Amino acid sequence: MSDLLSALQDSNELRPVAYRLLSSPALNRSRWYRWLYRRRIRSVQRSGGSFPRVVAIEGTNRCNAACVMCGHRTMRRAQGVMAWPLYQRLIAQLRAAPVETVLLSGFGEPLCDPDLVRRVAAAKAAGLPRVGIVTNAALLAPPAARALAAAGLDLVHVSLDGASASTYGRLRPGLDFDIVTANLDYLLGLRPRPAVHVQMTLFKENRGDAAAIRRRWGGRADRLIFRQAQDWAGQVEIPRPDYTPHLAARQAPPPCRYLWDQLNIYWDGVVPACCLDYEAELTIGDATAQSLPGIWRGDALGRIRELHDRGGRDRIPLCGNCRYFSVWW
């Protein structure tokens with residue numbers, strides 16, 4: 001099952017087909033399918049009951065880009081850098097937790113954080129199994145790449161939405177395609193180096209570049225990921241042809257996996273319900289005053305989970321506007 005899900009995630013051809021199939025009214029009317037899907041959901045919910053699989057720590061929400069698919073251009077939330085004592089508090093709690101991955105990323109560019117290398121080193125010194133970042137790689141120059149690798153960084157997700165300067169520039173204005181690809185080339189040539197996942201968000205402007213992305217990076221990156229465009233819970237306008245909705249069976253939408261799988265802490269300690277809430281309008285805790293296990297098992301998140309489980313996500317404004325769909329959880 002895990003191999004099949006990985007194939008769906010990585011395939012430019014299979015992923016949209018899977019989205020359309022899994023959101024079809026005929027399939028969702030099937031009792032057998034609903035039972036099987038619900039069984040899968042229950043399994044994931046049980047496994048994420050004690051602690052999240054992924055914890056994302058936003059070292060900063062500052063960014064060096066103005067990407068067309070991102071709400072950062074209009075974000076009203078105050079921008080800043082996480083204080084070191086707060087970060088130490090979080091790492092001390094994660095040291096004894098059954099977390100699989102810690103992402104030092106939030107709603108910003110992690111390389112805009114002056115403490116990023118120090119944060120990676122502290123997380124690895126605490127024994128955390130996998131520490132990663134999600135980056136546009138514009139600031140991932142050779143000295144930064146070497147420093148992060150030496151600090152023990154395990155994983156780098158590089159967002160690369162074009163195979164040419166013209167395509168890339170239309171989608172990620174403010175960034176230089178040649179600099180980004182040179183930085184990626186250097187990172188891939190490091191020995192030892194972190195695992196590198198090259199991730200492409202699909203739009204009508206760049207769909208024709210997918211094959212070139214595969215040719216250039218497929219044999220070098222550890223994984224290629226092709227994603228549907230995200231409308232950030234209705235907060236960013238995405239043309240319908242560029243997004244595969246899962247609204248066909250909206251009468252009983254599945255609960256959102258993020259609520260059982262990932263915990264996000266913003267730079268000031270605010271904990272949103274999910275990573276799509278970049279304005280922190282639906283918060284479930286404050287990491288400066290509460291423990292991470294307490295927030296994860298707390299009443300605020302519990303009430304949201306209960307509404308999702310009962311098919312009542314539309315009663316939550318943020319969730320009611322969200323079209324995110326996790327294929328087979």
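This one's a predicted model, so the numbers in the text were calculated from it and none came from an experiment.
- Asp154 contributes no side-chain N or O that, together with a main-chain N or O of Ala195, makes up a donor-acceptor pair within less than 3.5 Å.
- For the residue pair Tyr37 and Pro254, the shortest heavy atom distance occurs at CE2-CB, 3.7 Å.
- When Arg172, Arg227, Arg207 are each tested for a salt bridge (charged side-chain N to carboxylate O under 4.0 Å, His left out) with Asp161, only one passes: Arg172.
- Rounding to the nearest 0.5 angstrom, the gap separating the CG atom in Leu301 from the CD1 atom in Ile295 is 9.5 Å.
- A cation-pi arrangement is absent between Arg53 and Trp296 under the rule of less than 6.0 angstrom and at most 45 degrees off the ring axis.
- Contact annotation: the side chain of Leu187 never approaches that of Asn183 to less than 4.5 Å [non-hydrogen atoms, C-beta and beyond].
- Ile57 and Val54 are not part of a single hydrophobic cluster, where members link through side-chain heavy atoms under 4.5 Å apart.
- For the pair Arg38 and Asp309, the salt-bridge criterion is met [side-chain N within less than 4.0 Å of a carboxylate O].
- No side-chain donor-acceptor contact under 3.5 Å links Trp260 to the backbone of Arg42.
- Between the side chain of Gln93 and the backbone N or O of Leu292, at least one donor-acceptor pair lies under 3.5 Å.
- Atom CG of Asp178 has more than 12 heavy atoms from other residues, nucleotides or ligands within 6.0 Å.
- Shown here for Pro255 and Gln45, the closest heavy-atom pair between the two residues is CG-NE2, 4.0 Å.
- The heavy-atom pair separating Pro173 from Val68 by the smallest distance is CD-CG1, 4.2 Å.
- From Trp232, atom CH2 reaches atom CE of Met75 across 11.0 Å, with rounding to the nearest 0.5 Å.
- Side-chain contact check for Pro110 versus Leu104: every heavy-atom pair is 4.5 Å or farther apart.
- Side chain of Tyr87 to main chain of Arg119: a donor-acceptor pair is present (N/O by atom type, distance under 3.5 Å, no hydrogens or angles).
- Residues Arg303 and Leu307 fail the side-chain proximity criterion, which asks for heavy atoms closer than 4.5 Å.
- Looking only at atom types and distance, the side chain of Thr60 has no donor-acceptor partner in the side chain of Gln79 under 3.5 Å away.
- Looking at Asp222 and Leu155, their side chains never come closer than 4.5 Å, going by heavy atoms from C-beta outward.
- With rounding to the nearest 0.5 angstrom, the SG atom of Cys67 is 5.5 Å from the CG atom of Leu175.
- Judged by distance alone, with hydrogens and angles left aside, the side-chain atoms of Arg170 form no donor-acceptor pair with the main-chain N or O of Asn206 at under 3.5 Å.
- For the pair Gln199 (side chain) and Ser159 (backbone), a donor-acceptor distance under 3.5 Å is absent.
- Taking 4.5 Å as the limit, every side-chain heavy atom of Met69 sits out of range of all side-chain heavy atoms of Val236.
- In this structure, Thr74 OG1 and Tyr278 OH are separated by 4.5 Å, a value rounded to the nearest 0.5 Å.
- Residue Val117 is not grouped with residue Val134 when hydrophobic side chains (ILVMFWY) are merged at heavy-atom distances under 4.5 angstrom, including chains of intermediate members.
- Side-chain atoms of Asn321 never come within 3.5 Å of backbone atoms of Ala233 as a donor-acceptor pair (strictly under, hydrogens ignored).
- Salt-bridge formation is not detected for the pair Arg77/Asp277: no Lys NZ or Arg NE/NH1/NH2 atom is positioned less than 4.0 Å from an Asp or Glu carboxylate oxygen.
- At distances below 3.5 Å, at least one donor-acceptor pair connects side-chain atoms of Gln290 with backbone N or O atoms of Asp286.
- Ring centroids of Phe107 and His72 are separated by less than 6.0 Å, placing the two rings close together.
- The pair Arg118-Asp113 fails the salt-bridge criterion, with no side-chain N (NZ, NE, NH1 or NH2) lying under 4.0 Å from an Asp/Glu carboxylate O.
- Formation of a donor-acceptor pair under 3.5 Å by the Lys124 side chain with backbone atoms of Pro129 is found in this model.
- Cluster membership for Leu139 and Tyr186, using ILVMFWY side-chain heavy atoms within less than 4.5 angstrom, is shared.
- Remark: side-chain polar atoms of Glu109 are not paired, donor with acceptor, to backbone N or O of Ala65 under 3.5 angstrom.
- Hydrophobic clustering keeps Val131 apart from Leu103 (ILVMFWY residues linked when any side-chain heavy atoms are closer than 4.5 Å, directly or through intermediates).
- Closest approach of Leu184 and Val196 over heavy atoms only: CD1-CG1, 3.9 Å.
- Closest approach of Leu188 to Ala221, counting heavy atoms only: CD2-CA, 4.0 Å.
- Using a 4.5 Å cut-off on side-chain heavy atoms (C-beta onward), Arg193 and Val156 make no contact.
- Scanning both residues, Ile91 and Ala123, for their nearest heavy atoms gives CD1-CB, 4.0 Å.
- Using a 4.5 Å cut-off between side-chain heavy atoms of Ile, Leu, Val, Met, Phe, Trp and Tyr, with links allowed through other members, Ile133 and Val55 fall into the same hydrophobic cluster.
- Salt bridge annotation for Glu279-Arg76: present, with a cationic side-chain nitrogen under 4.0 angstrom from a carboxylate oxygen.
- For the atom pair NE2 of His308 and SG of Cys319, the computed distance is 3.0 Å after rounding to the nearest 0.5 Å.
- The OG1 atom of Thr135 lies 11.0 Å from the CG atom of Leu160; values are rounded to the nearest 0.5 Å.
- Two residues are said to be in side-chain contact when any heavy atoms from C-beta on lie closer than 4.5 Å; Phe51 and Leu94 meet this criterion.
- Taking the side chain as every heavy atom from C-beta outward, Val102 and Leu90 never approach each other to under 4.5 Å.
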